[in-house]
Amino acid sequence: MAVCIAVIAKENYPLYIRSVPCQNELKFHYTVHTSLDVVEEKVSAVGKSLADQRELYLGLLYPTEDYKVYGYVTNSKVKFVIVVDSSNTSLRDNEIRSMFRKLHNSFTDVMCNPFYNPGDPIQSKAFNGIVSGMMVQTG
Amino acid sequence: MAGSQWELPPELCCRPMAFVALTGLDVVYNAVHRAIWDAFCANRRADRVPISFKVLPGDHEYPKCRTKRTSYEWYIPKGIVKTGWMNKHLNLVPALVVLFYELDWDDPQWKEKQSECATKVEIVRTSLQGRNTKVAVVLIQKKTPLPPGEDLVASERASALCSSCDLSGKSLFVLPHTDHLVGYIIRLENAFYEHAQTYYYTEIRRVKSHKEFLNKTTHQLLFVRHQFKMAFLSELKQDTQNALKYYRAAYSLVHELRAHETNMLEIKTMAGFINYKICRLCFQHNTPLDAIAQFRKHIDLCKKKIGCAELAFEHSAWMSKQFQSFGELFDEAIKLGLTAIQTQNPGFYYQQAACYSQDRKQMAQQLCQAGTTYPSPDPLDTQSGGLDFYGQRPWRQGHQSIDPTDPEKEKLGILALQIKERDVPHSELIIALLSNAVAQFKKYKCPRMKSHLMVQMGEEYYHARDYTKALKLLDYVMCDYRTERWWPLLTAILTTALHCAYLMASVKDYVIYCMELLGRASTLKEEQKSRIEKNLFKVLMNDIPEAESECDQSSVGAARSLWTDRMALSGSNELTVEMQDYIPFIQCKARFQSPSFHVDQPIQLQVFLRADCPHPVSFSKLTVSLSNQEYNQWCVVESSGQDSMTLLPGKPRCYNFSFVAKTEDVGKKVEMTGIEMMLGGDSGRCVFLSWRGAGGDAASTQEALQASRSSRRWGRGNEARQELDWDTLTLQHSTMIISRVPRICVQLSHQPPALTNEMFCINLTVQSQEDVMAKDVKLTAGLKPGQEAGLGQTTHVTLDGSSVCDDNAPALLTDVPLGDLTPGEKLEKCVYMKCVSTGPRIFLFHVAYSIDTAVEGRHIVCNCHKDETVTVETVVPFEVSVKFVSTKFEPLEQVAVDIPFLLMTDILSSSPWPLLLSSSSLQLLTVTSSTPQLQSQLQQVVLQTGESASECFCLRCPADTSSSNTVATGQYVVSWRRKCSSADSPLIQTTVTLPHVILESVPLYIYADLPSFGRVRDSLPVRYHIENRTAQVQEVEIAVDPSDAFMFSGLKQVRLRVLPSTEQQMLYNYYPLMAGYQTLPQLNISLPRCPTSSSPTLRRFLPQRIFVKPQGRQPDDASIAAA
């Protein structure tokens, strides 16, 4: 399960970011922010070769000693980042993919809300609930 | 030095090379020897064999060889690898000792020299007792040797020398010091290299042979040691493949060792060494993925092997060193051509190294506090000054059992290490690693990672109390986070920066960071903001701010005294802060009410201010500077006395300014260049918040964009909202000053379209509607500039309509003075345009005048102007068509010379207005008119649209013009004007060039004289004239065909001759029998001498038929005659 989940706008500012409460929140912010380097590089590399039918899931962005960072980019260049504890080896690539898919579906629902203004921080309760379901349950 | 304890030994990191000792060389006093030595050691490039040479004296003592063990049965090893072993084989025990000796084959004292040489060899051998080191002898000779086999003395003496020195033939070399020294040396060292290879081969075999004596229980350490030694010797032998194999074996063996707290350090140290060698060789073999995989395995295996808990910082230090050295290896490989990628580059390893160093620092702070006095005697002191084995504790060297020998000693040793750790400059180490990582990430396109590491560097400098450097770094990256809008991260950085600024007592920085932390981008809690705002006001009051939390007490004390000094310092009480680059707590947006103002209106300007901080802010002055500084005086608002200007949190406030523009500025832009707001006052400290242009800050553009998106959705709701929506406020930083609205009426009347070449009249009426006198009325009229390029040449404008203007008239008349206009006065003017070509044209009528007026009590002279444009199409007035016909009105393709023909002209009016054709005339060339006085048949004819007027002229081509085939015939000139134009308006001459005609000459011309009509049963005399136009006598045969309609008398068939240039006449009397149009009897003419002229060609000149009137009754005769 994830320790941090983030949604990043097209312009690379955070729309939503949530991490397990007991740990250093700032550190996760930095981790997500630095992972955007790799996301941008991957997205631009994909853009060159295969423009239309690209894979949204970007896979493992970069490994650190403590965490694994996975990325996903929607067609409108909104990025999802999931941070997983390195020690959590039971998590397979497929499960990460399905987490992203779930996140994307929920995000689409948020965007469909006529009262939501694209580009504003996400405050949807439903979205929050989906994210909570994917996070490591502590305490 | 405690810091260097973790450095890898240099003998591990270098590239092992075969060690060859050279003896018998006197490099100090003997020039020849010096040259030889230089040839050995200078210019050792990659293509030379890898040998490290050393010059040693002939009687050098080599390290003693311990007596070989015959049995390992009772031997218990004390450690894995001795600290001196690698160095011994690199620098002390040679693979080969070479003895240099000066001796020529024909030396007179051969015998003595030979035995001296043998003695020297013997000395070397004795010193190498027990070692397998080879010995070789090089004879330095003055003479060039003869080719092998030719010098019998040489070969004989060589074998004698070999036997006396107990050398094999392969170990004796000759070095003539002649011209080709370097060449000889290279051959020599290649031979040495082979000897060295053999030596290391035997050494490896020897170590390998020990294996069978070992047992798994007591000799575990030896398994590792032997594999390590074989690997290292293989490296010396330059056999890196096998070396890698042995190192890998050693690595897995080292992890099989029984690990416990006492030997953990030794195991880790050795594992680190072996891992380093493996990675290094993998990179060298260009298999970087193997290197990375090995390193990952190494880290995974060792990560949890912390060892002694009291010395946990040692583990972190060791881990850090592992990452750092791998990063260095990686970097080294990249320099040699390896390509790294964004997600796999040395930066990650440096970063992780830094991370472990941070852990180390933390643990050191936790574990090393208890430290009292350094224990004495020093438990870290050893008798030899160093350790015997790598990775052992100085106070219990060689100890291999699970429990420490002496718990008391152990405690003291740990204490000593802890105390030493306190002196380690952790921050320095961390910063060095971070800056290495930064350099790498910069290279591999990771700007955000770079920023993150720079933040860490900044924080580390802050911990190291180097606040200036910390601020510099933090300030540098802050802007990246600001533009990317990661507010939580920005807030965190700003908080650290604020601490730095406070501890340095840097007023300006402190104020700036406070402002931004109070701003809307800050994610701080309300109470923190409140505290910061209070501090900011304190600084504004020239007071000392409260200490920031989380700063340690000692530095707070220092900071406080710094602040006191600052405060006492008078002067420098003013500071200006540029707000554009930050997201400050006061937002400013300014706009001109309109993008343009007329010069007779006051210019209105609004400045909106909003404070985002928790408490109200009052300020004392607000100024706007404009591009024309003369206006600045009108854009100032200052608090007067008690009435200070206050901004309430979250409530926008608007300040209005208005001023009158100068008339010189008409047509110019007025821009806001800056807005300045003064916080604080004369009593304390003044801070000028300065915005460039019309306000806004680092985040406002994005916010406005976001707001516009939402307002697009909620368009209607937004208008209904009463309150000012801050985000949708747009900046209007400039306005245009435009001239006063003219109050005159300009009317144009004309009759379009214009006709080509005519003087087209446009009537202009100007009427003043001003209340006062309009002065200096000026007219500019003509073709509007900026149209098609050619129009300027084909359009001419004049005010004089009495005559047709010439081509020199301009296309645009400028500044025609029209005098002054009193209120209500009307003025008319005719402007004439002559358009030479057809097509549409835009004409411009620009009426300018000046007028005195007053704005808000100020008297100004305004220049006003009014423009009228009109599009006029120009069309052709009429089409002229011309054709040539014969006298029988048959179209002519060719004109016969000296025979009359007709020119028919046809004028078809295409003008929508009636045209008056005044006259027409022919200007003939070549041809002449048959009519003595040509008179126009079109005089004063009026043509309506679509009507046409025709004329007919009888012309003849004179006889002497047969020289050229086609000739020009002349021009047709029509003069005309519009019928509606006044009688005195000029006539326009339109000239049409007549077409060319093709001339032909006829040999015989025949024509008939006959009355215009005949009458039934009445004689009709016809006379045929036959002219010979040639210079020869022409014979003509004429026959008349019979006809039903006529009887005739005359010659029915005749053959006659016509002399040159004369004519013959033939008279016939026709007697018509039928009434109506009747075909005349056909004349068949042939010219036997001129077969080209056939009967039909000649007949075309003759009339074909005639009208025959019926026979009238007698009484009607008179009436018929009258008709």
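Worth knowing before you read on, the calculation uses all heavy atoms, side chains too, and leaves out hydrogens, waters and symmetry mates. Bear in mind that the values here come from a model prediction, so they are computed numbers and not experimental data. Order of the sequence lines fixes the chain letters, A, B, ..., with proteins taken first and strands second; residue numbering starts at 1 for each chain.
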Contact origin within [X] toward chain A - heavy atom pairs under 4.5 Å:
{"X": "B:Leu453", "answer": "neither"}
{"X": "B:Gln702", "answer": "side chain"}
{"X": "B:Gln352", "answer": "side chain"}
{"X": "B:Tyr349", "answer": "neither"}

Item to check | Among B:Ile299, B:Thr343, B:Thr483, residue most engaged with chain A (heavy-atom pairs, under 4.5 Å) | outcome: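 Of the options given, most contacts go to B:Thr343.
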Next on the checklist: Looking at chain A, which one of B:Ala492, B:Ser451, B:Cys355, B:Cys446 has the largest number of heavy-atom pairs inside 4.5 Å, strictly under?
Outcome noted: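 Among the listed options, the one with the most contacts to chain A is B:Cys446.
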Checklist entry - Per the side-chain hydrogen bond (donor to acceptor under 3.5 Å, both in side chains) rule, which among B:Glu460, B:His463, B:Gln366 passes with B:Lys361? => result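 That would be B:Glu460.
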Item to check | B:Arg448/A:Glu40 salt bridge by N-O under 4.0 Å criterion | outcome: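 Between B:Arg448 and A:Glu40 there is a salt bridge, with a charged N closer than 4.0 Å to a carboxylate O.
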Next on the checklist: Taking B:Lys445 first and then A:Glu41, would you say they form a salt bridge - that is, a charged N and a carboxylate O separated by under 4.0 Å?
Outcome noted: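 Looking at B:Lys445 and A:Glu41, the cut-off is met.
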Item to check | Aromatic ring pairing B:Tyr481/A:Tyr30, orientation class (parallel under 30°, perpendicular over 60°, tilted between) | outcome: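 Perpendicular.
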Next on the checklist: Over 60° means perpendicular and under 30° means parallel, so tell me whether B:Phe323 and B:Phe295 are parallel, tilted or perpendicular.
Outcome noted: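 Rings of B:Phe323 and B:Phe295: perpendicular, as their planes differ by over 60°.
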Item to check | Donor + acceptor pair across side chains of B:Glu484, A:His33 (<3.5 Å) | outcome: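 Yes, because at least one side-chain N or O of B:Glu484 sits under 3.5 Å from a partner of the opposite role on A:His33.
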Item to check | Contact origin within A:Leu61 toward chain B - heavy atom pairs under 4.5 Å | outcome: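 Backbone of A:Leu61 only, per the 4.5 Å heavy-atom cut-off to chain B.
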